[in-house]
*Asks:* 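Below: one structure in structure tokens.
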Amino acid sequence: MNSNRYNFKKVEEKWQKFWDQNKTFSSKVDINKKKFYCLEMFPYPSGKIHMGHVRNYTIGDVLSRYKILQGFNVLHPMGWDAFGMPAENAARENNLDPKDWTNQNISTMKNQLKKLGLSIDWDREISTCSEDYYKHQQLFFLELLEKGLVYRKENYVNWDPIDETVLANEQVIDGKGWRSGAVVERKKLNQWFFNISKFSQKLLDDLEELNEWPNKVKVMQKNWIGKSYGCEVNFKIEGDIPVSEIKCFTTRPDTLFGFSFLAISADHEISKFFVNDKEFNNFKKECSKTGTTEEAIAMGEKIGFKTNLLAINPLNPKQKVPVYFANFVLMDYGFGAVFGCPAHDQRDFDFAKKYKLEIKTVVRPKDKDNNYEVIDKAYDGDGIIINSEFLNGLKVPEESIIKTIDILEKKKFGKKQINFRLKDWGVSRQRYWGCPIPVAYDNDGKVIAIPKKDLPVKLPENVDLNAKGNPLNTKNDWKKVNVNGKDLVRETDTLDTFVCSSWYYLRFCSPKENDYGFNQQEIDYWMPVDQYIGGIEHAILHLLYSRFFMKALGFKNKKFNIEEPFKGLFTQGMVCHETYKDQNNNWISPEEIEIRGKKYYKKNDPNSIVVVGPSESMSKSKKNVIDPESIINNYGADSVRLFILSDSPPEKDVQWSEQGMVSSFKFIQKLWMLHSKIKNKLSDKSDVKDEDLEFNKFTNQLINKISGNLESFSYNVIIAGMYETYNFLIKHIEKNINKNNLLENYTKILTAFSPVVPHLTSECLIDIGFNDKLKWPIVNKEYLQQENIEYVVQINGRKRANVKAEKDLNEESILNIAKNEKLLDKYLKNKSIKKIIFVKNRLINILVNE
RNA sequence: GGGCGAGUGGCGGAAUUGGUAGACGCGUUGGUCUUAGGAACCAAUAGUGCAAGCUGUGAAGGUUCGAGUCCUUUCUCGCCUACCA
């Protein structure tokens, strides 16, 4: 083995230790320096880091290191999203304390992250499950309670009757509890809610200012908030129940004359008059059977239960139509009631067909006459109102809707209304491993806030996780609390873990602040996060909750003026790998596979059959995961960083490939060999040339290009630039070159590479005696310009030749040069020139008569 | 059903925003060195043709001196979302 071989293990350990001991990446407020807050979504401490983390944190690290080199005061922290159910489950399985399990994982994963050589200020490390963190969160909760942004109401939950616990939607599989297998019931429970819908409009409006966010994410949030303009309409009811009116929300009041039934949700308040009706109860059961998720519902049949009630059309009081309970009406949107206009709404159409209700056409397309009739499909396009008495002739949609609302308002049958889809955020979780909600109840069930001086409300230790239900609920000694001499019972729900991640970026600004969740001066300096980096899967929930949390903290608080937490957002793609199965259709992991020639076998089993499946996002269930730690051990952090960035643009999915990984590793070795050659050259005594224009140009163009690529997250192109640089240098240093010039250019090149491969470049730099503080090289623009331009010569728009010319020559000169080019003779001889298109320093297009 | 995005060699992907399409890497082929090579190095690599050339960025039109890039129509794939009245 070559003794000169790059020993990544030694070098990487050395530099990681150096950065640690020198606190190279520690950060503090410095009002004289421009700050840059770079944040990656913090991980859940599930056990080990995965390739997704490697990609996420490498992207963030490249950016942070670049910003440091540019002279920014960079805040680049890391912490742990440490509360959550996996800890409870793992603890139960292994008979551990969730806290111990979590802290073990944190320590493992921290070591793994350190091996990646990340530029993280570890002094700011936080963990959401520490009392030191969640006590502040409890205080925020009480503040929001005081401001009226937190409230309690009854709401439906998925209830597992065997485990006596509430299940999240994703824990309900085919209508059954994932652990117990019991049929899940819908149960009404008192739950805590954050009043996020109060900020619907604000959350929507402020999206406009987030111009460093991917449009895709903004669109997703916009759809989620779901603003719609419409009208509330009151329908008078006739029948044998003491209800005289039902309110509906509609975006299409202009189709009221097409009214043929009124449909209400099975959970509508008037359902209480039907609780003793057997048929109604059967219908309700039928509704819940269809399930609550997936497209099964969308495709699912529309069913209804006909009441003996009649609804009166406010615009046409003679018309009375039946009232149905219907499975397609949602209780938590609008008023849980819709007016049915089958001709112009597909759902209403399907429903009307099934129950043989009238389908009356009241809108015609512009190119049809007034006899137009809807036959087999609802028409929801624009056009003209017909068959609607005083509304006839109005243009659909704008004019017709505005006019109709006007009429309804005048007659007091309804009013203009804006409706949002966004619902309040239910934050109650009937779980142990979360932040306790700092309230208690008296004998009458009245809510009493735990006094702020008594915070934190600590999670009790030594709970029985195997007992049924919420462990906190059975912990009687913990439940009892005395506040101001009164015996109370604690709230046993804990907060949704999304609450923890809604403000952690503030905590990073002042992680040691004891009296409050953050220090005002520190957040004023560091916030907002300049660049937030994470997966697209958080496009709605986490990012929307965080945006809400800022607005809620700032509500009635003049000192707090952060409107938006994340100025820039970048969403990286996933890491994918081929999938493998054996002949019995069982997944096989890549480690169990051997490739010989072009065939895949199970290791040590030449007779085995391996079916290679499509490349999919790495997941444990498909066993197509690659363990980052073993890769780092085999190839080193720089190689992994290089590879994870090299193959695809960061926002797209990347394909893990062993071959690619190996070639990145080899490239690191080649760079080290190159370094030895350059070092030898530097100690060479012969200085032949004074200046090396070609080298200077190359370096300046490279720096210019990489700077641009860094700004635009084109990190894969940076890697290409590194290869090009190698290809250039390995040839160029064979020439006689000036020593000082070489040193200067090489130093710049190493600096430009350093965000990607920091260990290698640090080692190379110190090896050539560089001891200063690194700075991002300033591009000398003179070197970006070419003195000799290679012009493209086109004849009639087709490229026919290249000619060399000096910079900035005029059209005439270039034309003359072109005319003297032999290759062009056959195109130009005996032809007359019609027109010339000349682009200075780039091309000339000569149009000739054929 | 609705929304968003993408289609470029055998593969991942470049292309200073309308100006030489295919940078860079992988793979493949040939060669050098070597006892050997799944090492290293050199060369070739969009298709077609001996060549000059011609054809080429999912398809069809259009604008332009010039289109991967802009416009219109269309096809395919991916992701998100879903009875939202």
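In what follows, chains carry the letters A, B, and so on, assigned in the order in which the sequence lines appear, proteins first and then strands, with residues in each chain numbered from 1.
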*Asks:* In the strands shown, is B:C54 matched to any nucleotide by a Watson-Crick or G-U wobble pair with both distances under 3.5 Å, and which?
*Replies:*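 B:G47 - that is the nucleotide pairing with B:C54, both distances being under 3.5 Å.
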*Asks:* Only pairs with both distances under 3.5 Å count, Watson-Crick or wobble alike; so what is the partner of B:G78 in this structure?
*Replies:*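 Pairing partner, where one exists within any strand: B:C4.
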*Asks:* Distance check needed: B:G78 C1' versus A:I536 CD1, whole Å only.
*Replies:*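 Between C1' of B:G78 and CD1 of A:I536: 13 Å.
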*Asks:* Looking at the side chain of A:R800, which of B:C54, B:C4, B:A82 is the nearest nucleotide?
*Replies:*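 So the nucleotide nearest the side chain must be B:C54.
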*Asks:* State the pairing partner of B:C70; accept Watson-Crick or G-U wobble contacts with both distances under 3.5 Å, and report none otherwise.
*Replies:*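 With both distances under 3.5 Å, B:C70 matches B:G62.
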*Asks:* Go ahead and name the base partner of B:A21; Watson-Crick or wobble counts if both distances stay under 3.5 Å, otherwise write none.
*Replies:*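 Checking every strand shown, B:A21 finds no partner, since no pair has both distances under 3.5 Å.
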*Asks:* Specify the residue among A:S663 and A:L330 whose closest nucleotide of RNA chain B lies further upstream toward the 5′ end.
*Replies:*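 The answer here is A:S663.
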*Asks:* Would you tell me if any nitrogen or oxygen in the side chain of A:R798 comes within less than 4.0 Å of OP1 or OP2 on B:U20?
*Replies:*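 So the side-chain polar atoms of A:R798 never come under 4.0 Å of the phosphate oxygens OP1 or OP2 of B:U20.
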*Asks:* So which nucleotide from B:A85, B:G13, B:U20 ends up closest to the side chain of A:S648?
*Replies:*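 Comparing B:A85, B:G13, B:U20 against the side chain of A:S648, the answer is B:G13.
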*Asks:* Step through it carefully: locate the ring centre of A:F8, locate the ring centre of A:Y635, and say whether they are under 6.0 Å apart.
*Replies:*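 A:F8 vs A:Y635: aromatic centres not under 6.0 Å.
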*Asks:* Any N/O pairs under 3.5 Å between the protein and nucleotides 61-66 of chain B? List them or say none.
*Replies:*
{"from": "B:C65", "atom 1": "O2'", "to": "A:N845", "atom 2": "ND2", "distance (Å)": "3.4"}
{"from": "B:C65", "atom 1": "O2", "to": "A:N845", "atom 2": "ND2", "distance (Å)": "2.4"}

*Asks:* Output all residues satisfying side chain to side chain donor-acceptor pair (under 3.5 Å) with A:T404, sequence neighbours left out; order by chain, then residue number.
*Replies:*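 A:T404 satisfies side chain to side chain donor-acceptor pair (under 3.5 Å) with no other residue.
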*Asks:* Would you confirm whether A:N700, through its side chain, and A:K781, through its main-chain N or O, come within 3.5 Å as a donor-acceptor pair?
*Replies:*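 Side chain of A:N700 to backbone of A:K781, a donor-acceptor pair under 3.5 Å: no, none is there.
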*Asks:* Any donor-acceptor pair under 3.5 Å linking the side chain of A:R421 with the backbone of A:I225?
*Replies:*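 The answer is no, because no donor-acceptor pair under 3.5 Å joins these two groups.
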*Asks:* Starting at CZ of A:F665 and ending at C1' of B:A39, how long is that distance when rounded to a whole Å?
*Replies:*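 Between C1' of B:A39 and CZ of A:F665: 12 Å.
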*Asks:* Please find out if less than 6.0 Å separates the ring center of A:F728 from that of A:F698.
*Replies:*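 They qualify: ring centres under 6.0 Å apart.
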*Asks:* If pairing requires Watson-Crick or G-U wobble contacts with both distances under 3.5 Å, which nucleotide is the partner of B:G30?
*Replies:*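 Pairing partner: B:C42.
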*Asks:* Let me spell it out: for each of A:A337 and A:G660, pick the nucleotide of RNA chain B with the closest heavy atom. Which residue's pick is nearer the 5' end?
*Replies:*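 Comparing both residues, the 5'-ward one is A:G660.
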*Asks:* Centroid-to-centroid, A:F413 to A:F235, below 6.0 Å?
*Replies:*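 Ring centroids of A:F413 and A:F235 are no less than 6.0 Å from each other.
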*Asks:* Counting heavy atoms from C-beta on, name the nucleotide in B:A14, B:A85, B:G19 closest to the side chain of A:Y333.
*Replies:*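 Of all the options, the side chain of A:Y333 is nearest to B:A85.
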*Asks:* Can you tell me the distance, in whole Å, between the CZ atom of A:R842 and the C1' atom of B:A15?
*Replies:*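 Result: 11 Å.
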*Asks:* Please report whether the ring centroid of A:F665 lies less than 6.0 Å from that of A:F667.
*Replies:*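 Here the rings of A:F665 and A:F667 have centres that are no less than 6.0 Å from each other.
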*Asks:* Just to confirm, is there a sub-4.0 Å distance from OP1 or OP2 of B:G13 to any side-chain nitrogen or oxygen of A:K652?
*Replies:*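 So the side chain of A:K652 is within the cut-off, an N or O lying under 4.0 Å from OP1 or OP2 of B:G13.
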